[in-house]
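Note sheet for the following structure.
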Amino acid sequence: MTSTRGLEGVVATESSISSIIDDTLTYVGYNIDDLAENASFEEVIYLLWHKRLPKKDELTELKKQLSDNMALPQEIINHFKTYPIDKVHPMAALRSAVSLLGLYDDLSEDMSDEANYQKAIKLQAKIATVVTTFSRVRKGLDPVEPRADLGYAANFLYMLSGKEPEEIEIEAFDKALVLHADHELNASTFTARVCVATLSDMYSGVTAAIGALKGPLHGGANEQVMKMLSEIGSEENAEAYIKEKLANKEKIMGFGHRVYRKGDPRAKHLREMSKQLTKLRGEEKWYNMSIRVEAAFTAEKPLPPNVDFYSASVYHSLGIDHDLFTPIFAVSRVSGWIAHILEQYANNRLIRPRADYVGPGMQKYVPINER
Ligand code: ACO
């Protein structure tokens, strides 16, 4: 048996959902560049779940199902009020709330295809409301009910702020959701598949995946990028800051990737959005600082920015609290997790690898008073 640290290069499953080949990302064969420019997030959800783009009436139906299912059970809102609110990270709140949602769904343990599809809709719909409602409750604000006339991205921004978002904000947020929706066998998706391959339920799979996404080496990096930009403070400090961090052997969040070598194809879209949105807000310093950080970092290490680097200044420009950046990643990525969970159920085998044992050889038990 040979072991591979971090399972690098190991092919653990077949999948027809998304692929990364020669630094090109596709969802069901559609290039991410094409989808980012043309598709709505709801079209992408349909694509990932049905492996084809929806027709008009199918898209209308999906949008209706999502907005019909966005409202949260009152018990979840009450539960938020019992959290130690000033200490809880929104990702921990989200992980707990998604697990709780399973308690209030009569179909939780029903593993039929129909029940799993209903759960998929409910999870995708309610995850947006969990994030926005938690954000409001912790500020002492009343939750905002979803609106049937708004699409998914617009509803999220509306429920978060209580104000109808501008068209440019909806477009940018929708594109960010499209870009984050799926990404082959990343750590959180693999976690979801491992969990449901035991034939555990969809709520368990998504809860496990949220836990994996939370870490700073994965989805948690976007919040850390904003923390770094805030610490740098102004453009002229960028180079010295990066040099010092690298000299101390610290990682710079938002750079590097296990699979991409030349670059993450999603980053260029987010870089452009960051440029436009920071200009619109009169806060170009975040974009300019990011550009300087990228130049300073890549001059030292040949590791291009990943999806998390420019998404930080994009979300900041949309007025979103920094600790909600990773929960927003989950709001999008749940579409991919669900697609992978359904694919796993459709052709399941328990995922159970081996470990290369490197501990002591055979030992004889010594009674406690003789040790
Ligand atoms: N900053 C500084 N050095 C880095 C970085 C970085 N961001 N990323 C990798 N390196 C260096 C490592 O120090 C290591 O150097 P060494 O060989 O001299 O020890 C080498 O590059 C390989 O790095 P690993 O961490 O072994 O690469 P791995 O494939 O395991 O990790 C990862 C990929 C986790 C993304 C890594 O690049 C990283 O930690 N990046 C920062 C966190 C981040 O941005 N995560 C988001 C990734 S995208 C996503 O999940 C949505």
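Everything numeric here is computed off the predicted structure, so don't read it as measured data. Remember, it's 1-based here, ligands and their atoms both numbered in the order they're listed.
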How about [atom]: does it have a protein heavy atom within less than 4.0 Å?
| atom | result |
| --- | --- |
| atom 48 (S) of ligand 1 | yes |
| atom 51 (C) of ligand 1 | yes |
| atom 2 (C) of ligand 1 | yes |
| atom 16 (P) of ligand 1 | no |
| atom 22 (C) of ligand 1 | no |
| atom 35 (C) of ligand 1 | yes |
| atom 27 (O) of ligand 1 | no |

Phe329: numbered ligand 1 atoms lying under 4.0 Å from its heavy atoms |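 Within the 4.0 Å cut-off of Phe329, ligand 1 contributes 51 (C).
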State the atoms of ligand 1, each with its element, that fall below the 4.0 Å cut-off from a heavy-atom position in Lys301.
->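 So the answer, numbered in order with elements, is 3 (N), 11 (C).
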Quick one: does [X] get a heavy atom under 4.0 Å from ligand 1?
| X | answer |
| --- | --- |
| Phe309 | no |
| Gly254 | yes |
| Ala187 | no |

Close aromatic pair by centroid cut-off 6.0 Å: Tyr30 and Tyr27 |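 No.
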Hey, would you say the Phe134 and His89 ring centroids sit under 6.0 Å apart?
->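 No, ring centres 6.0 Å or more apart.
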Residue, atom name and distance, where the atom is the protein heavy atom closest to atom 45 (N) of ligand 1 =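 It is Leu217 O, 3.0 Å.
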Return the set of residues passing ring pair (Phe, Tyr, Trp, His ring centres under 6.0 Å) with His183 (not counting sequence neighbours), or none when no residue passes.
->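 By the ring pair (Phe, Tyr, Trp, His ring centres under 6.0 Å) rule, His183 matches His257, Tyr260.
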N or O pair under 3.5 Å between [X] and ligand 1:
| X | result |
| --- | --- |
| Arg266 | no |
| Ile252 | yes |
| Ala221 | no |
| Glu250 | no |
| Phe255 | yes |
| Gly219 | no |
| Asp308 | no |

Between [X] and ligand 1, which residue portion shows a heavy-atom distance shorter than 4.0 Å: side chain, backbone, both, or neither?
| X | value |
| --- | --- |
| Glu8 | neither |
| Phe297 | side chain |
| Leu303 | side chain |
| Val307 | side chain |

Tell me whether the count of non-hydrogen atoms from other residues, nucleotides or ligands lying under 6.0 Å of [atom1] in [X] goes above 12.
| X | atom1 | value |
| --- | --- | --- |
| Asn78 | CG | yes |
| Asp57 | CG | yes |
| Gln118 | CD | yes |
| Asp113 | CG | no |

Checking the side chain of [X] only, and the main-chain atoms of [Y] only, is there a donor and an acceptor separated by less than 3.5 Å?
| X | Y | value |
| --- | --- | --- |
| Glu343 | Ser16 | yes |
| Ser135 | Val131 | no |
| Asp174 | Ala153 | no |

Between [X] and [Y], is there a side-chain N and carboxylate O pair less than 4.0 Å apart?
| X | Y | answer |
| --- | --- | --- |
| Lys175 | Glu272 | no |
| Lys268 | Asp33 | yes |
| Lys119 | Asp105 | no |
| Glu300 | Lys245 | no |

By side-chain contact (heavy atoms from CB on, under 4.5 Å), which residues pair with Glu283, not counting sequence neighbours?
->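 Per chain and number, Glu283 pairs via side-chain contact (heavy atoms from CB on, under 4.5 Å) with Arg281, Trp286, His316.
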Closest by any non-hydrogen atom to atom 13 (O) of ligand 1: pick that one out of Met253, Arg258, Lys251.
->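 Selected option, by shortest heavy-atom distance: Lys251.
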